[in-house]
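Please read the structure below before turning to the comments.
Just so it is clear, the values below take in all heavy atoms, side chains as well, and ignore hydrogens, waters and symmetry mates.
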Amino acid sequence: MMKTTAQLEIERVDTLIITVGTRQVGWRSKDGVVRCFGADGDRGHPPHINQLYQELGIERGFYEPGKTYMSWSVRDLGFRYYEHCQEWLGGDFSSVELLLDYQIIADSVTKGLNHIILWATNQPETVPWNYRRADTCWLAQLMKGKINTTWPGVKVDVLELTVNANDRHAIREEFENFIWPFALEQRKKSRLNEFVLMIENKGSIPAIAESLEICAAALVREFQVINASPIEPPNPYPPSENGMLSALLSQRYEMVPLSEYFWPLERSRVISAWERGDFQEARVWLSAHQSRHKSLYQLAEYLALSSNWEIVRFAENRQIENGWLRSRLVEQLAGTEQVQQWRERLLELRTNPVLQTWETVFLIQLQLERQNYTTTFMQFSQTVERLLYLRSQQEKWLDNHIISPPPNFNPYGRPYEPGFKVLIDGWSQVEKIRASDKWYKLLDGIRFKRNDLIHKANPVTLREMRSLWADNGFPVTISERSEPLMALMLEVLQKVCDRHWQIPQQPLLQSLYAWGLEILRSEITLS
């Protein structure tokens, strides 16, 4: 029974980009109150900025005398506290509080985060002071100091937007010129040739937040990109013990892969490619949705081996046995019993050439459903011949004189390899089937049609395939659907098998394929 989960799990994070807003940073004062650098007594916020100036013993001034809307703000205050940490506290940034990002960073470090980019504003002098006063360049430096102190193994870079903070075009151009080359370079440095980017853009103004999200979304075809959004407390400034309003740190956050925006459209393309057996194409579409369907992304890679007839390579792939089949989420969705069956079948497949050959039934069906009748017939006839050949080897037809080399065969050259007709004749002798029997005529007709296809490059139609059975006295259902013809081919394949062979009802590849398709169609989340 299939199980479901809606849990999103991110296995790793390489780089986190944070757009620094005015209320991103706080300061734990000597009285224990955490004061926010962006809380200025407006919109229901406490007058923390005034109190922070008072704590430094500085009277808050104005950029232009007499203009109250030009009072010193985040830019000036951040610079003064940065100097305070460096010069008076000897580089101690422990009193700085990351109001929105602490929990995100702490969790991401456990998943490999080693690089944080703080993107702040530092607008040009052409912008009036009533806008420039809210620049976050010095808040970013305070954040860097705090992060370096708390997580010394994490590299922190501060980048500054030196354009007007409302100029969406210029901001987007800055992001575009940086993010794509940066991501490519980071992936090149990666041992696994992968790069996972997380962005946090909640604190910044809309023009910056939107621009970063748009530019990051452009990466999803090549990289995993996750948007981490802090959830602010319902009451962000509760009273402390001394009655002062103290800022609370965000304890929770939501993670949304940016690829989620494209999933409703691309899901149909994944399903279409999967149904057609084009697993390489399915894998391309799934690459952007690994946080949702990582195990399907991996399974598509494994199934692609089969579509190239690399059945043995598929069976011997240790990543399937030791990685994919041991995945907690695969077991959670497929069930312990199903996973165990897959594991046992995989181990049998490695050493059993009969089972390896039987797996091609899956490929035959894929081609038939795509109405590629010529390819279907070629794979079918080759599988019939392969099964007969395996019987000849296991039952020692040559040693038991059931089949014989031609009179002019040189026994001192290569070992004798019987052709299709010799194998059919040997099989009919073992099974005591006469040349006038409909089964002999059918196999001989398959052989003749196969040779005609190879020698003359004549394509095979659905009607011609059905005629092979109908002309030899087999009941045939006239239908455009694939099931009746597939049933006829399966009957032939089962007929030529040794009755002692343990042939599964469904090939392993078919089982994995059907399971993956069910997940895609039912919209079960598989991370």
Side-chain angles (χ1 to χ4, degrees), residues 1-14 16 103-114 190-198 220 223-228 252-260 263 267 270-271 274 279 282-283 285-306 314-350 506 508-527:
M1 182 177 179
M2 189 166 288
K3 304 173 184 179
T4 63
T5 177
Q7 184 179 5
L8 172 64
E9 291 193 2
I10 304 298
E11 295 181 357
R12 54 176 285 201
V13 178
D14 296 310
L16 169 63
Q103 198 61 50
I104 293 175
I105 297 173
D107 291 346
S108 298
V109 166
T110 66
K111 298 172 183 176
L113 175 67
N114 55 39
S190 168
R191 181 175 56 86
L192 300 175
N193 196 34
E194 293 180 355
F195 175 64
V196 181
L197 173 66
M198 181 178 283
V220 298
F223 310 95
Q224 288 192 67
V225 185
I226 300 102
N227 190 342
R252 299 184 301 120
Y253 56 94
E254 295 177 335
M255 290 192 298
V256 179
L258 294 189
S259 59
E260 289 289 294
W263 178 246
R267 173 174 170 261
V270 175
I271 292 174
W274 199 279
F279 301 110
R283 190 166 181 264
W285 290 114
L286 284 167
S287 65
H289 305 284
Q290 293 183 56
S291 55
R292 171 187 284 266
H293 287 306
K294 183 169 185 179
S295 292
L296 283 190
Y297 171 76
Q298 295 170 329
L299 181 58
E301 178 184 4
Y302 305 144
L303 291 178
L305 294 174
S306 68
F314 163 81
E316 293 178 347
N317 191 321
R318 301 293 173 177
Q319 291 180 346
I320 302 175
E321 177 190 1
N322 299 326
W324 196 83
L325 285 172
R326 297 186 185 278
S327 165
R328 179 180 59 82
L329 283 168
V330 171
E331 184 170 338
Q332 183 180 354
L333 278 108
T336 304
E337 184 178 350
Q338 176 65 85
V339 171
Q340 184 60 29
Q341 289 177 1
W342 285 337
R343 187 178 293 115
E344 291 172 357
R345 293 275 299 280
L346 184 69
L347 295 176
E348 292 175 349
L349 198 58
R350 286 180 183 161
Q506 186 183 49
L508 173 60
L509 292 167
Q510 179 75 40
S511 177
L512 293 169
Y513 162 86
W515 177 76
L517 188 58
E518 183 181 355
I519 290 172
L520 289 169
R521 286 174 173 170
S522 60
E523 261 295 27
I524 294 171
T525 299
L526 177 61
S527 301

* Asked: Would you say the side-chain atoms of Trp263 pair up with the backbone N or O of Arg292, donor to acceptor, closer than 3.5 Å?
  -> no
* **Test item: Asp14 side-chain N/O and Val196 main-chain N/O as donor-acceptor pair under 3.5 Å** => yes
Please name the pair of heavy atoms, one in [X] and one in [Y], separated by the smallest distance, quoted to 0.1 Å.
X      : Y      : result
Val270 : Ala282 : O-CB, 4.3 Å
Ser259 : His289 : O-CE1, 3.1 Å
Met198 : Ala228 : SD-CB, 3.7 Å
Ser522 : Arg267 : N-NH2, 4.4 Å
Tyr253 : Asp107 : OH-OD2, 2.7 Å
Glu331 : Val339 : CA-CG2, 3.8 Å

* Audit row: Val256, Ile226, side chain to side chain contact (heavy atoms under 4.5 Å, CB included) steps and yes/no -> CA-CA 6 Å; Val256 179; Ile226 300 102; over 6 Å; no
* **side chain to side chain contact (heavy atoms under 4.5 Å, CB included) evaluation trace for Leu512 with Tyr302** => CA-CA 10 Å; Leu512 293 169; Tyr302 305 144; over 6 Å; no
Check ion pair [X]-[Y] (N to O, under 4.0 angstrom):
X      : Y      : answer
Glu316 : Arg350 : no
Arg521 : Glu518 : no
Glu348 : Arg343 : no

* Check whether any side-chain heavy atom of Gln290 sits under 4.5 Å from a side-chain heavy atom of Pro257, and report yes or no. => no
If you measure from [atom1] on [X] to [atom2] on [Y], what distance do you get to the nearest 0.5 Å?
X      : Y      : atom1 : atom2 : result
Leu286 : Ser295 : CG    : OG    : 11.0 Å
Leu296 : Trp274 : CG    : CH2   : 5.0 Å
Leu325 : Gln341 : CG    : CD    : 12.0 Å
Gln224 : Glu194 : CD    : CD    : 7.0 Å
His293 : Ser287 : NE2   : OG    : 13.0 Å
Leu303 : Gln298 : CG    : CD    : 12.0 Å

* Determine the interplanar angle of the Trp515 and Trp324 rings, folded into 0 to 90°, and report it as parallel if under 30°, tilted if 30 to 60°, perpendicular if over 60°. => perpendicular
* Check the angle between the aromatic planes of Phe223 and Phe195 and answer parallel, tilted or perpendicular using the 30° and 60° thresholds. => perpendicular
Taking [atom1] in [X] as the centre, count heavy atoms belonging to other residues, nucleotides or ligands within less than 6.0 Å. Is the count above 12?
X      : atom1 : answer
Arg326 : CZ    : yes
Glu344 : CD    : yes
Gln340 : CD    : yes

* To do: Go through Phe279 and Leu305 one step at a time and tell me if the side chain to side chain contact (heavy atoms under 4.5 Å, CB included) criterion holds.
  => CA-CA 9 Å; Phe279 301 110; Leu305 294 174; over 6 Å; no
* Asked: So Glu321 and Leu346, side chain to side chain contact (heavy atoms under 4.5 Å, CB included) or not? Walk me through it.
  -> CA-CA 8 Å; Glu321 177 190 1; Leu346 184 69; 4.0 Å; yes
